[in-house]
Protein chains: 2
Amino acid sequence: MSDLTFTSFKKRLKTNGHFATAPRMKLFVVLLNHPNLTIKELIERTSKHDQATAYRNITLFEKLGIITVTKYGWVTRIELTDDFHPHHHHISCTICGTITSLPHSDELENSIDLITKQSDYISQTHKLEVRGICPTCQKANKIDC
Amino acid sequence: MSDLTFTSFKKRLKTNGHFATAPRMKLFVVLLNHPNLTIKELIERTSKHDQATAYRNITLFEKLGIITVTKYGWVTRIELTDDFHPHHHHISCTICGTITSLPHSDELENSIDLITKQSDYISQTHKLEVRGICPTCQKANKIDC
DNA sequence: TACAAATTGCGAAAAAATTGCAATTTGTAT
DNA sequence: ATACAAATTGCAATTTTTTCGCAATTTGTA
């Protein structure tokens, strides 16, 4: 939404030697409005008839730290990184695939920082994924075959 | 390795109405010896000439909570769950893809439990993924294009 | 040992991701 | 504003990954 967000996005492209093209802007706008889409949904919403460009730009965005590519179960999802969307974690349902945000916890974030510092990596991002059964599926008492 | 591990594995299959077949045993043994393989490597090591069975059993194992399927960047990986491999988290390199285990932290685990309880899901598993730059790539001073 | 149900193994098909290349767009320097 | 080189798009074609159908085989139970 904010103008600053776009400026920051364009800047990241340019400082890395890439152009701020129309397809890239569109991809970014869709992600801002839907920060967690399956890759299929994302491609449908951006370039229905040219997956090639979508895939190329998704790959590029990932390299530039604009998005992350994740698999929840068998489904691939694209999310904006913390630089473009407030940092948070998810819990997802192993039965129906629903994804819900978890509340922020300083304690959790501190623990993660601490453990990360003990490695010899330079940390860039992190993500906690909790898997479980959502309230709806609990009630439905579904059994997987 | 331990006999108990196999018993527990077979039990999980049987109690859910599935057979302990040769391809499934092989899949499990390979996973015990290599608890974190790309799906490609896993299929190569188990049923080079019949991906179909591999995929079917990978899907089944996931449903039964024997493995998890994850995407690190653009690469799909298969891991044993905590039930069959000591619980731990990973940090992976955004440049070369190397994966390293993080040390255990009670503090971290407690924070995760706490935040999870605040949701209305029944938690089954969780996984923390840290992404960063590994020592080798730091030295190589590699730049992504 | 025999039987019903589950699973495999194979080829074929569908879906997802990548590639080559001519046409177009972009950023920069006039 | 205009022109140019480099980057990117859009399309079709390919490759890679995943799923499906079905006859033959294997498994658990009685």
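Note that this is a predicted model, so its numbers are computed, not measured.
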Without decimals, in angstroms, what is the distance between A:Met25 CE and D:dA7 P? 20 Å
Partner residues of B:Lys71 under the salt bridge (charged side-chain N to carboxylate O under 4.0 Å, His left out) criterion, sequence neighbours left out: none
Who passes salt bridge (charged side-chain N to carboxylate O under 4.0 Å, His left out) against B:Asp50, sequence neighbours left out? none
Determine, using the 4.5 Å side-chain heavy-atom cutoff (strictly less than), whether A:Trp74 and B:Val75 are members of one ILVMFWY cluster. no
Mind checking ring-ring contact (aromatic ring centres under 6.0 Å, His included) for B:His85 and listing every partner two or more places apart, or none if nothing turns up? B:His88
To the nearest Å, give me how far apart NZ (B:Lys48) and C1' (C:dG9) are. 16 Å
Stems in DNA chain D: runs of 3 or more consecutive Watson-Crick or G-U pairs, distances under 3.5 Å? C:1-30 with D:1-30
Give the B/S/- string for nucleotides 18-30 of chain D, one per nucleotide from 5' to 3', where a protein heavy atom under 4.0 Å of the base yields B, of only the sugar-phosphate yields S, and otherwise -. BBBB-----BS--
Suppose clustering is done on Ile, Leu, Val, Met, Phe, Trp and Tyr with side-chain heavy atoms closer than 4.5 Å. Which residues sit in the same group as B:Ile91? A:Ile91, A:Leu102, A:Leu108, A:Ile112, A:Ile115, A:Tyr121, A:Leu128, A:Val130, B:Leu102, B:Leu108, B:Ile112, B:Ile115, B:Tyr121, B:Leu128, B:Val130
Any pair counted as salt bridge (Lys or Arg N to Asp or Glu O under 4.0 Å), so long as it reaches residues 19-41 of chain B, sequence neighbours left out: none
Taking salt bridge (charged side-chain N to carboxylate O under 4.0 Å, His left out) as the definition, give me every residue that meets it alongside A:Glu129, ordered by chain and number, with sequence neighbours left out. none
Pairing residues for A:Arg131 by the salt bridge (charged side-chain N to carboxylate O under 4.0 Å, His left out) criterion, not counting sequence neighbours: B:Glu62
